[in-house]
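The structure appears right after this line, and notes come after that.
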Amino acid sequence: MSINTVVIGSRYAGTSVLFSILDVLASVGRDWEMLHGLPATAPIFDASLRTTDGAPYWDVNGRKITPDAMLAEAPAPDLIIVSDLHFDPNAGLPDDLRPVADWIKVAHANGAIVSSVCSGALLLGEAGLLDGKEATTHWGYAELLGREYPEIMVCRERILVPAGEGHRVVTAGGASAWADLMLYLIGRFAGTDEARRIAKIYLIDPHRDGQLTYASLTSARQHQDQLIAEAQMWAAQHYDTPRPVAAMAELTGLTERGFHRRFKKATGQAPTDYVQTLRIEEAKQLLETTAMPIDEVATEVGYSEPSSFRAAFRKRVGMSASVYRKKWQALVSLAP
């Protein structure tokens, strides 16, 4: 018996992720067998692309998409997959997506397993399915997810998070984490051997390092506190100076205690964490683009002790500075 699977489309969904999911699900039990001269097996996933009204739409990339059906049409889903959503995280979840969240909530209550890729986790948050659970999303939407739905334990560094009783809610990180989600779901419903076959066919490797190595650490929430914004602009140019937080407080005319409190309220970060973030982000750029020794990189971005830099880098990026350099400079070697 096949798994009735609904992949949710919308004008916010990216083209490639949406159709990659559909392509991979259609491959299960078919493509490996074709490549090895074997008969295809019965389809494991009966996947359809659905939207609220089932009408053709133009997606965020200007592609005309024709869905298979409306969300409300039969059969009821066993599995729901929410693709990536492209919208301004500073503006919040678009209102026209809220009815989709309502449908997801009802489908989950009726037994469906619900999963998301990237910023699609916002729909699961809106549906209330992540309250009290761990979840992940694209690093650029993690702050929004935690702010709008404070009951969620946002795991910004994770690639894949199955959660809840029976793991009936599954979130995946950035857009390319669709592949991690597919391998997980195929392994769960079709077995690990089939997941390995699909990985080999599509040349998919799970993102075992998490997503911190890809994240821009300085993506922060917007705020209207001009005094703190001025302090942030100063820090962007002077993060390598000694005692930058004290200097920022002096610049604003606030006491250090008052500055700490106001900075945290405006940005969601303690000022010391903010400065560390700026330093590590600059260090990442130096590691990617120069051959500067790591101890010199540490000094350049404001660390007096290389050991402190190495510990801070590993904590925020999820790998050592030397491994990070090797990973990203490999891209340079591929250039013509």
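Residue indices begin at 1 and follow the sequence shown.
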* Asked: Of the non-hydrogen atoms in Leu22 and Ala47, which two are nearest, and what is the gap between them?
  -> CD2-CB, 4.1 Å

* Is there a path from Leu79 to Val82 through hydrophobic residues (I, L, V, M, F, W, Y) whose side chains come within less than 4.5 Å of each other? -> no

Atom pairs and distances, donor-acceptor, side-chain atoms in residues 235-251, under 3.5 Å, two or more places apart:
| unit_1 | atom_1 | unit_2 | atom_2 | d |
| --- | --- | --- | --- | --- |
| His238 | ND1 | Trp234 | O | 2.9 |
| His238 | ND1 | Trp234 | NE1 | 3.4 |
| Thr241 | OG1 | His238 | O | 2.7 |

* Asked: With the 4.5 Å side-chain cut-off for hydrophobic clustering, are Tyr12 and Leu49 part of the same group?
  -> no

* Set of residues satisfying side chain to side chain contact (heavy atoms under 4.5 Å, CB included) with respect to Leu227, sequence neighbours excluded -> Asp225, Glu230, Thr252, Leu254, Arg262

* To do: May I ask you to test the Ile186-Phe45 pair for a side-chain heavy-atom distance under 4.5 Å?
  => yes

* Derivation and outcome, side chain to side chain contact (heavy atoms under 4.5 Å, CB included), residues Ile81 and Leu185 -> CA-CA 10 Å; Ile81 302 172; Leu185 292 174; 4.0 Å; yes

* Who passes side chain to side chain contact (heavy atoms under 4.5 Å, CB included) against Arg188, sequence neighbours left out? -> Ile113, His167, Val170, Tyr184

* Ion pair check, Lys200 and Asp31, cut-off under 4.0 Å -> no

* Asked: Any donor and acceptor pair, going by atom type alone, linking the side chain of Ser115 with main-chain N or O of Val169 inside 3.5 Å?
  -> no

* Can you list the residues that meet the side chain to side chain contact (heavy atoms under 4.5 Å, CB included) rule with Glu305, with sequence neighbours excluded? -> Ser307, Ser308

* Indicate whether any N or O donor in one side chain lies under 3.5 Å from an N or O acceptor in the other, for Tyr202 and Ser20. => no

* **Over all atoms of both residues, closest heavy-atom pair of Val117 and Ala177** => CG1-C, 4.5 Å

* Roughly how far, to the nearest 0.5 Å, is the OG atom of Ser320 from the CD1 atom of Ile294? -> 7.0 Å

* Asked: Regarding Asp84 and His86, is there a side-chain donor-to-acceptor distance under 3.5 Å anywhere?
  -> yes

* Apply side chain to side chain contact (heavy atoms under 4.5 Å, CB included) to Thr5 and Ser48, showing your working. => CA-CA 6 Å; Thr5 304; Ser48 60; over 6 Å; no

* Structure fact -> When every non-hydrogen atom of Pro77 is compared with those of Val6, the smallest separation belongs to CB-CG2, 3.7 Å

* In terms of side-chain geometry, is the basic nitrogen of Arg11 or Asp96 positioned less than 4.0 Å from the acidic oxygen of its partner? -> yes

* **Whether Gln285 side chain and Glu282 backbone form a donor-acceptor pair below 3.5 Å** => no

* To do: Look at the side chain of Arg325 and the backbone N and O of Thr290, then say whether any donor-acceptor pair between them is shorter than 3.5 Å.
  => yes

* Asked: Under 3.5 Å, is there a donor-acceptor pair between the side chain of Arg197 and the main chain of Val28?
  -> no

* To do: Say whether, by atom type as modelled, one donor and one acceptor occur between the side chain of Arg168 and the main chain of Ala112 under 3.5 angstrom.
  => yes

* Step by step, would you call Thr255 with Arg257 a side chain to side chain donor-acceptor pair (under 3.5 Å)? -> CA-CA 5 Å; Thr255 64; Arg257 183 175 180 180; over 6 Å; no

* **Closest non-hydrogen atom pair, Phe263 against Gln232** => CE1-CG, 3.9 Å

* Backbone of Gly140 reached by a side-chain donor or acceptor of His138 within 3.5 Å -> yes

* Could you tell me whether Lys105 and Asp102 make a salt bridge, using a distance below 4.0 angstrom between a side-chain N and a carboxylate O? => no

* Structure fact -> All heavy atoms of Asp78 vs all of Ser2, minimum pair found to be OD2-O, 4.0 Å

* To do: From the options Val161, Thr171, Ile152, select the one residue that forms a side-chain contact (heavy atoms from CB on, under 4.5 Å) with Glu134.
  => Val161

* Asked: Would you find a donor on one side and an acceptor on the other, under 3.5 Å apart, between the side chain of Gln276 and the backbone of Ala312?
  -> no

* To do: Determine, step by step, whether Val154 and Tyr149 satisfy the side chain to side chain contact (heavy atoms under 4.5 Å, CB included) criterion, reporting the C-alpha distance in whole Å, the side-chain angles of both residues, the deciding distance to 0.1 Å, and the verdict.
  => CA-CA 10 Å; Val154 180; Tyr149 312 105; over 6 Å; no

* Within the distance-only criterion (no hydrogens, no angle test), does the side chain of Ser27 pair as donor or acceptor with the backbone N or O of Leu25 below 3.5 angstrom? -> no

* **Results of ring pair (Phe, Tyr, Trp, His ring centres under 6.0 Å) for Tyr141 - residues two or more places apart only** => Phe87

* To do: Give the minimum heavy-atom separation between Gly120 and Leu85, together with the two atoms involved.
  => CA-CD1, 3.9 Å

* Asp53 side, atom CG; Met70 side, atom CE - distance, nearest 0.5 Å -> 8.0 Å

* **Short side-chain to backbone donor-acceptor contact, Lys326 and Ser322, under 3.5 Å** => no

* If a pair satisfies side-chain hydrogen bond (donor to acceptor under 3.5 Å, both in side chains) and one of its residues is in residues 61-77, list it, with sequence neighbours excluded. => Thr15-Asn61

* Asked: Hey, is Asp273 close enough to Lys264 for a salt bridge, meaning N to O under 4.0 Å?
  -> no

* Check: Pro39 and Glu33 side chains under 4.5 Å, non-hydrogen atoms -> no

* Run the side chain to side chain contact (heavy atoms under 4.5 Å, CB included) check on Ile159 and Thr136 step by step: do they pass? -> CA-CA 7 Å; Ile159 289 289; Thr136 190; over 6 Å; no

* To do: Using a 4.5 Å cut-off on heavy atoms from C-beta on, say whether the side chain of Phe309 contacts that of Ser304.
  => no

